[in-house]
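Have a look at the structure below, then the notes.
Quick note on labels: first sequence line is chain A, next is B, and so on, each numbered from 1.
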Number of protein chains: 2
Amino acid sequence: MYSGSMSTSDRLIESTRELLWERGYVGTSPKAILEHAGAGQGSMYHHFRGKPDLALAAIRRTAEEMRAAAEGVLGSPGSPYERIEAYLRRERDVLRGCPVGRLTMDPDVIASDELRAPVDETLAWLRGRLAALVEEGKEQGQFAPALDSGEIASAILATVQGGYVLARASGSPAAFDTAVRGLLALLAPLG
Amino acid sequence: MYSGSMSTSDRLIESTRELLWERGYVGTSPKAILEHAGAGQGSMYHHFRGKPDLALAAIRRTAEEMRAAAEGVLGSPGSPYERIEAYLRRERDVLRGCPVGRLTMDPDVIASDELRAPVDETLAWLRGRLAALVEEGKEQGQFAPALDSGEIASAILATVQGGYVLARASGSPAAFDTAVRGLLALLAPLG
DNA sequence: GTCTATATTGGGATAGAC
DNA sequence: GTCTATCCCAATATAGAC
């Protein structure tokens, strides 16, 4: 399943990431992970204390990757609005959902402060990053000065997360794009 | 767990609704449902063909109830903006998530056209209802005529669904309210 | 209609050989 | 470090008594 240059531990983490994205924490069994990774029971319990420990490693890696991907778009050249638009319109595997956001619907993830932490931190970071951009846009006269940057950032992030929900409900990525276009229309720069 | 005036079948459905909301489809076992409903295996397999059949009955009931609740707010007197605002600000069990929307993150629900249908229909209905209100608001000069009603409706619905995600990630209902305030600021009536 | 077996498979983990 | 054997309990369903 993976290139031979990957350690067993890495293969386990990568397999867990895939399955968590596909089926969530509750729907992912150690057995499924082992089959996907082509490893035996012993390997997993040698490298990790158990399912929660392995899931934590997987979630952390997914969170880091997502931050990097978002920063790649939000940190690009362009006006604040353009960068927010680029983030909203960026290529996504819409029907698979957000690999970080979907974890919030997992009861066992939410019940564990350790597992929830990287999810919370990632979304909080994204919100802060967006808020800074909105603030910058306000200073440049691109957005109305009366807007609260934090609130707008939250609305942007919520639209993305909710866009996944609408897309998966309808079975079509178009639902995501429609919501994004609606938000962008409301957000459109002054003048 | 339930008043004695409820039939076994109803108790099973109500128990399933609670557990689906709390733990999702994958995380809800027939055994847990039976214990919650105070019924035996036989009862469940007498009234329903199995877990998917019972879940379908539960999801349909939840979907209907949600439509009724939304219509109660969206159909109230007031201007289009006021009614949309009332919908967005309405009392919600934010940290429990949306009992309909959360099902989109359930792999087994999405894999089944039958289980997904009531979810899709409910969100589509809500979107249509919101779009009609936006259209009305445009006619009354409350919203900019250039806005696409369907897109705005999608953005509103996505903000709500995403608001649940942000709230559950942070462990606080405030995150939901912040996103809603941001959207309302962007949506604020002309003049 | 409801109950109690019973069956089969899987979830999650430990033990100990190699 | 990795493997197989084993354990115990849960998931989902069927059979048949009452």
Side-chain angles (χ1 to χ4, degrees), chain A residues 1-59 103 105-112 114-115, chain B residues 1-59 103 105-112 114-115:
Chain A
M1 215 101 195
Y2 293 105
S3 81
S5 68
M6 225 167 153
S7 73
T8 299
S9 169
D10 271 352
R11 271 177 11 243
L12 286 167
I13 293 177
E14 290 304 310
S15 294
T16 304
R17 297 211 306 141
E18 299 243 352
L19 290 170
L20 283 182
W21 193 2
E22 184 86 18
R23 305 198 38 88
Y25 182 87
V26 172
T28 297
S29 69
K31 186 182 200 197
I33 294 169
L34 295 173
E35 277 165 11
H36 190 279
Q41 293 270 88
S43 296
M44 166 171 159
Y45 286 99
H46 172 73
H47 293 286
F48 303 94
R49 282 191 309 269
K51 176 179 166 177
D53 189 38
L54 172 51
L56 181 58
I59 292 172
L103 296 170
M105 294 306 147
D106 240 301
D108 291 1
V109 170
I110 294 306
S112 155
E114 256 202 308
L115 292 179
Chain B
M1 215 101 195
Y2 293 106
S3 80
S5 67
M6 227 168 152
S7 73
T8 299
S9 169
D10 270 353
R11 267 172 19 239
L12 286 167
I13 293 178
E14 289 304 310
S15 294
T16 305
R17 296 211 307 141
E18 299 243 351
L19 291 170
L20 283 183
W21 193 2
E22 185 85 18
R23 304 196 41 86
Y25 182 86
V26 172
T28 298
S29 70
K31 187 185 197 193
I33 294 170
L34 295 173
E35 276 165 11
H36 190 279
Q41 294 269 88
S43 295
M44 166 173 159
Y45 286 99
H46 172 75
H47 293 287
F48 303 95
R49 282 191 308 269
K51 176 178 166 176
D53 190 38
L54 173 50
L56 181 57
I59 292 172
L103 297 170
M105 295 305 148
D106 239 302
D108 292 1
V109 170
I110 293 306
S112 156
E114 257 203 308
L115 292 180

Inset, instruction - Determine whether A/R23 and B/D108 make a side-chain contact, defined as any pair of heavy atoms from C-beta on separated by less than 4.5 Å. - result: yes

Inset, instruction - Please determine which of B/I59, B/I33, B/L54 meets the side-chain contact (heavy atoms from CB on, under 4.5 Å) test together with B/L20. - result: B/I59

Inset, instruction - Whole angstrom is fine here: how far is it from NZ in A/K31 over to P in C/dT8? - result: 16 Å

Legend entry - Minimal non-hydrogen separation, B/Y25 against B/D106, with atom names: N-OD2, 2.7 Å

Inset, instruction - Please state how far atom CD in A/E35 lies from atom C1' in D/dT2, giving the value in whole angstrom units. - result: 17 Å

Inset, instruction - Compare all side-chain heavy atoms of A/L34 with those of A/L12 and state whether any distance is below 4.5 angstrom. - result: yes

Inset, instruction - Determine yes or no for a side-chain-to-main-chain donor-acceptor pair under 3.5 angstrom, with A/T28 supplying the side chain and A/L19 the backbone. - result: yes

Legend entry - Length of the line joining B/R11:CZ and C/dG1:P, which is rounded to integer Å: 14 Å

Legend entry - B/D108 CG to D/dA11 P, straight-line distance once rounded to whole Å: 14 Å

Inset, instruction - Select base, sugar-phosphate, or nothing to describe what A/T28 touches, counting heavy atoms under 4.0 Å on all strands. - result: sugar-phosphate

Inset, instruction - Would you name the heavy atoms of A/A58 and A/T16 that are closest together and state the gap between them? - result: CB-CG2, 3.6 Å

Legend entry - B/R11/B/E14 salt bridge by N-O under 4.0 Å criterion: no

Inset, instruction - Find the distance B/L54:CG to D/dT12:C1' and express it as a whole number of Å. - result: 13 Å

Legend entry - Validation row: B/L56, B/F48 side chains within 4.5 angstrom (heavy atoms): no

Legend entry - Secondary structure string for DNA chain C (Watson-Crick or G-U under 3.5 angstrom, | for other-strand pairs): ||||||||||||||||||

Legend entry - Residues from residues 41-52 of chain B lying under 4.0 Å of DNA chain D - heavy atoms: B/Q41, B/Y45, B/G50, B/K51

Inset, instruction - State, to 0.1 Å, how close A/T8 and A/S43 come at their nearest heavy-atom pair, and which atoms those are. - result: CG2-CB, 3.8 Å

Inset, instruction - Could you state the atom-to-atom distance from CG of B/L34 to P of C/dT4 in whole Å? - result: 11 Å

Legend entry - Residue-phosphate contact under 4.0 Å: B/T8 side-chain N/O, C/dG1 OP1/OP2: no

